[in-house]
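Written out below as structure tokens is the structure these notes cover.
Numbered from 1 within each chain, the chains take letters A, B, ... in sequence-line order. Note that the structure is predicted; figures quoted are calculated from it, not measured.
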Amino acid sequence: MLDIKRIRENPDWVRQGLVARGAATEAVDNLRRVDETRRELLTDVESLKSQRNAASKQIGDLKKKGQDTGAAQAAVREVGDRIAALDERVRAVEGELDQILLMIPNVPHASVPVGHSDAENPIVAQHGTPREFAFQPKGHVELGEHLGLMDFKRAARMSGAGFALFIGAGARLQRALIQFMLDVHVRDHGYTEVWPPALVNSAAMTGTGQLPKMAEDMYRLAADELYLIPTAEVPVTNFYREDIIERPLPIYLTAYTPCFRREAGAAGKDTRGLIRLHQFDKVEMVKFAAPETSYDELEKLRADAEDILQRLGLVYRVKSLCTGDLSFAAAKCYDLELWAPGQQAWLEVSSCSNFEDFQARRAGIRYRDENGKTRFVHTLNGSGVALPRLVVAILENGQQADGSVVLPPAIVPYMNGVERLTVSV
RNA sequence: GGAGGGGUGGCAGAGCGGCCGAAUGCGGCGGUCUUGAAAACCGUUGACCCGCAAGGGUCCGUGGGUUCGAAUCCCACCCCCUCCGCCA
């Protein structure tokens, strides 16, 4: 959510941001009109309340002296009726204001490249070069099923399309990667590990920006009005919801959680294998930073995610999302993409975003600056990283001519010493 | 799920329907004292909104209601604690 004061003072800032995203701008004018109405109503109703407070006090004094207050009470009751009517209008107008404000996306940072779609996201870095194969590299589905690591048919039978079922070393590999990534972030990158709920209420979802706009993409438990988290970003960012953080910033948190996505808009896309699932696992990093340092923190966050990929010896590139491809709540975002030779494609395994105070304002997350003044923090998060596509890259990059897979040395200790996945394992 | 108790400022903890944004203690901050520190003493210390300002308004779990006036009374819901039941 944007700051209404800032919109009031500098509407063009928002308008330009919306234009850069390719979004409509009339909301800005609606907002200013409604804001104006709200302030007029507030001035009126608050002066009436001031009157009432004074009059009620007088009535109290008169009663103490034993005087009759019938006429005075009737007069104040009439004021009270007017207040009630105005209050109702204020509530309605504030509801309208919130409605508009909650639907306006964040304004892109000045450093974000301008563009219309993902086709215009510049590649800002690449690490490693794709491996040359002496044979035709296979896809992860063929490799994984051949090695007995996963079974999509059985998964579909019990859950439908878009679910994974890992077996044996395949299941162990999930656990190994989760453990490995959490260890690196906690031990070497300074994060505190948290283990949050996977079900959250609508307030939490609104706080991070999934609601109201992305309601269709989430699994909702109607009987309890709870949602399955689409990412650990939601519960971990909401760690400090409605709080004034009294600890020094920045704060780094990391969490492993399952993630659930309906993929409502992606029906029929990437239906085979691990590329796009309704349920997947992810290690997430979340930061709470002072506004002055949040863009430095974004670079460090990206480096923390890259470190995971580097330690696993994988080939990846980094894109800076252009204004037209930026997600709703983000002010700036880097995507990390792994090379998957079986797919002959780059797979997104991490988005590292700075939301500035957009989420903090929605979720009520504040801190005190050096003068003791409360201010909204800047929130950031990035995958560190998403599991299924990481597994795709590990299998497809590590495959040998005989169909076995050599694992990255960094996870061998987590695999109980297994260096290579073969049919017999 | 059932019965009972409770939700007040950073924490602990008072609070008669008007004098309560709220006693008191702790903590925090500033000061006196001290070579320095501690102790002691003095002062200070919530958030949000409207307003150029003066000032005004709102907030005592949440939402409604009663009243001229609600932290205080009524209703619903949420959360916490104790006991019982059930259960991984």
**Enclosure of A:E120 CD (heavy-atom neighbours >12, cutoff 6.0 Å)** = yes
**Item:** Presence of A:S47 side-chain N/O under 4.0 Å of B:G57 phosphate oxygens OP1/OP2
**Value:** no
**Whole-angstrom distance between B:U82 and B:U67, as gauged at atom C1'** = 36 Å
**Message:** At less than 4.0 Å, is any side-chain N or O atom of A:R77 found next to OP1 or OP2 of B:U67? Yes or no.
**Reply:** no
**Asked** Within less than 4.0 Å of OP1 or OP2 of B:C50, is there a side-chain N or O belonging to A:R8?
**Response** yes
Mind listing the N/O atom pairs, protein and nucleotides 17-21 of chain B, below 3.5 Å?
from, atom 1, to, atom 2, distance (Å)
B:G18, N2, A:S56, O, 2.7

**Among B:C50, B:U58, B:C48, the nucleotide that comes nearest once only the side chain of A:R366 is considered** = B:C48
**Asked** Between B:G7 and B:U72, how far is it from one C1' atom to the other, in whole Å?
**Response** 15 Å
**Prompt:** Separation of A:R38 atom CZ from B:C49 atom P, in whole Å?
**Reply:** 9 Å
**Nearest-Å distance once atom P is located in both B:G85 and B:C11** = 35 Å
**Asked** Nearest to the side chain of A:E46, which nucleotide is it out of B:A47, B:G56, B:C68?
**Response** B:G56
**Prompt:** Is the shortest side-chain N to carboxylate O distance from A:R302 to A:E299 below 4.0 Å?
**Reply:** yes
**Asked** Does the A:E396 side chain pair with the main chain of A:Q343, one donor and one acceptor, at a distance under 3.5 Å?
**Response** yes
**Prompt:** Taking the six-membered ring for Trp, is the centroid-to-centroid distance between A:H189 and A:Y252 below 6.0 Å?
**Reply:** no
**Fill in**
From the list A:T192, A:V283, A:L253, side chain to side chain contact (heavy atoms under 4.5 Å, CB included) with A:H185 holds only for A:V283
**Request:** In whole angstrom, give the distance that lies between atom CZ of A:R368 and atom P of B:C48.
**Result:** 8 Å
**Asked** Closest to the A:R52 side chain: B:C50, B:C68, B:G56?
**Response** B:C68
